[in-house]
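Quick notes on the structure that follows.
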2 protein chains.
Amino acid sequence: MSGGQRSSAATTDPGGLGFRPLYRQVRELLVQRIADGLWAPGQPIPSEPEIASELGVSQGTVRKALDEMAGENLVVRRQGRGTYVARHDDARILFQFFRIVPDSGAKEFPDSRLIEVAGEAADEETAAALGLAPGAAVVRLERVRSLAGEVCIAERIVVPAALFPGIAERELPNNLYELYAAQFGVVVGRASEKLRAVAAGAREAELLGVAAGTPLLRVDRTAFSIDGKLAEWRVSWCRTERVHYVSDLR
Amino acid sequence: MSGGQRSSAATTDPGGLGFRPLYRQVRELLVQRIADGLWAPGQPIPSEPEIASELGVSQGTVRKALDEMAGENLVVRRQGRGTYVARHDDARILFQFFRIVPDSGAKEFPDSRLIEVAGEAADEETAAALGLAPGAAVVRLERVRSLAGEVCIAERIVVPAALFPGIAERELPNNLYELYAAQFGVVVGRASEKLRAVAAGAREAELLGVAAGTPLLRVDRTAFSIDGKLAEWRVSWCRTERVHYVSDLR
DNA sequence: CAGTGGTCTAGACCACATG
DNA sequence: ATGTGGTCTAGACCACTGT
């Protein structure tokens, strides 16, 4: 095995169908260990040489797998220290999942005031959004969020009860994704948002203290765990007189 | 020079200040060649071994530079064929810079109807947005765009006249970024958007055929060329009854 | 077939963090 | 001093695309 490629499942693909590089197989294995909670958020994982010898591949292959994972914010690499499983701490949420920013001033984590939390059966729209059967058990949560001391977001969050057993009876923190990961092993890895301008309805107008009909930014988010499960449906209505939503195109 | 690191400007940094890896220096050089138009959009660049021997570095280092550039959509790599300078064709614009999508149905390139184009002096707001001195020469362009046959976007675009000499006298295509690159050597590499919900003013209401006061999604875009120059300021007002803006968080 | 980018390995040295 | 990740090199082989 001096230079040259190992003969493994990855090489020679006479069928012509899928060809999976070795480093992707390694990546999948490592992601699985995080998804399974074998390596916990905030903790260091074994060093590159350790993983390489354990799996019988070269350090370069492990490196490539970890580099991809770092690019997806699954791990954090710190030169001289080690590679750590990423945490959903406030800083990360702010950077990765929270796009609403005061017009003048830096990003900050919004305060939350809980309005209601209730277990219920999914109606048709909810079931479709979460990929569940109509009538499946879900937990709905409503809250109002403030930025720079001003109420500006009304939020309705719905999650499958099956993924978060007993969540309705819990104390709910401001940062929900950290709770999902730490208490339920559901690590949110990506989300997709759809934005629209809408007129405030009676409910939103009341919660936000604006006149009905006021233009609001409606943000419709679907969040996925790192192993691909649909984890959350969230709709936010936001007053954008003094804040805006940022989107970087690159 | 058998294995081990070359002794170059990159190694040994006793000052402790900036340390620039070799592959970043290579990357900068290659980006410059694209920005200077030495390698034109759509054309293949020399192969990895050619570049490596020209610059006296290993192929792996060139590869790492090109991989970064591919990640920023500056080049496109095609296995078995070569590496090409990325073009601002419709498909890329749609993928990278156009986020408004019909509620049901796939992404499509919007039609444009030009309303007005005029050279003028930058007012204070425009100057601030484009990083120019107030009174600097700019070109303003207004148009209305349709998706799936329905008028849904009113757009005001302002560019510095200095970067685009004579643009006001030209025929203006639907895809402006391709024109910027091909005719003026301004390659747009990234953009930043700020989104708000606003009530339609008289002007937008007229252009879009809605009642004044209708909630509209206002998208405020600042676009930068790959060498970092502020290239365009664009404000779009969008009806979002049947379309929405997508934003992927990952 | 030859040429391109893509993967994999092995080994050396550098920068960084900690003891 | 030791161990971590980061850079750089050299070389082999694989997958893909053309001739």
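Every chain is numbered from 1 and lettered A, B, ... according to where its sequence line falls, protein lines coming before strand lines. Computed from a predicted model, the values in this text were never measured in an experiment.
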I need the [atom1]-[atom2] distance between [X] and [N], as an integer number of Å.
X	N	atom1	atom2	value
A:Glu68	C:dC8	CD	C1'	15 Å
B:Arg77	D:dT17	CZ	P	15 Å
A:Phe19	D:dC13	CZ	C1'	11 Å
A:Ile51	D:dT4	CD1	C1'	12 Å
B:Arg20	D:dC8	CZ	C1'	17 Å
B:Gln59	C:dT7	CD	P	13 Å
B:Glu48	D:dA10	CD	P	15 Å
A:Tyr23	C:dT9	OH	C1'	16 Å

N/O donor to acceptor pairs below 3.5 angstrom from side-chain atoms of residues 159-167 of chain A, sequence neighbours left out:
none

**Report entry** ring-ring contact (aromatic ring centres under 6.0 Å, His included) involving B:Tyr177 - partner list, sequence neighbours excluded
**Finding:**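 Partners of B:Tyr177 under the ring-ring contact (aromatic ring centres under 6.0 Å, His included) test: B:Phe97, B:Tyr180.
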
Requested in this report: Would you mind telling me which residue lines up with the more 5' stretch of DNA chain C, B:Ile45 or A:Thr61, judged by nearest nucleotide?
Outcome: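 Comparing both residues, the 5'-ward one is B:Ile45.
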
Query raised in the report: Quick one: is B:Lys64 getting a side-chain N or O under 4.0 Å of the D:dC8 phosphate, OP1 or OP2?
Result: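 No.
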
Query - C:dG5 phosphate, OP1 or OP2, under 4.0 Å from B:Thr83 side-chain N/O - result: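 Yes, B:Thr83 has a side-chain N/O under 4.0 Å of OP1/OP2 on C:dG5.
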
**Report entry** Considering all heavy atoms, the nearest A:Glu232-A:Leu130 contact
**Finding:**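 Closest approach of A:Glu232 to A:Leu130, heavy atoms only: C-CD2, 3.7 Å.
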
Restricting to nitrogen or oxygen on both sides, can you table the protein-nucleotides 1-3 of chain D pairs closer than 3.5 Å?
residue : atom : partner : partner atom : Å
D:dG3   : N2   : A:Gly80 : O            : 2.9

Report task. Indicate yes or no for a side-chain donor-acceptor contact from B:Arg145 to the backbone of B:Phe109 under 3.5 Å, with no hydrogens or angles considered. Result ->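 No, because the side chain of B:Arg145 does not come within donor-acceptor range (under 3.5 Å) of the backbone of B:Phe109.
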
Donor-acceptor contacts under 3.5 Å from residues 34-46 of chain B side chains, at least two apart:
residue : atom : partner : partner atom : Å
B:Asp36 : OD1  : B:Gln32 : NE2          : 2.9

Report task. Would you indicate which nucleotide in C:dT7, D:dT9, C:dT9 comes nearest to any side-chain atom of A:Pro21? Result ->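 Shortest atom-to-atom distance from the side chain points to C:dT7.
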
Report task. Measure from the side chain of B:Leu22, starting at C-beta and using heavy atoms only, and say which of D:dC8, D:dT9, C:dG5 lies closest. Result ->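 Taking heavy atoms from C-beta onward, the closest nucleotide is D:dC8.
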
Query raised in the report: What residues, two or more places apart in sequence or in another chain, satisfy salt bridge (charged side-chain N to carboxylate O under 4.0 Å, His left out) together with B:Arg250?
Result: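 By the salt bridge (charged side-chain N to carboxylate O under 4.0 Å, His left out) rule, B:Arg250 matches no residue at all.
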
Report task. Check salt bridge (charged side-chain N to carboxylate O under 4.0 Å, His left out) between B:Arg78 and all other residues, then give those that pass, not counting sequence neighbours. Result ->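 Listed in chain order: nothing, the list is empty.
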
Query raised in the report: When all nucleic acid strands are considered with a 4.0 Å heavy-atom cut-off, which category describes A:Arg63: base, sugar-phosphate, or nothing?
Result: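 Base, at least one base atom sits under 4.0 Å.
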
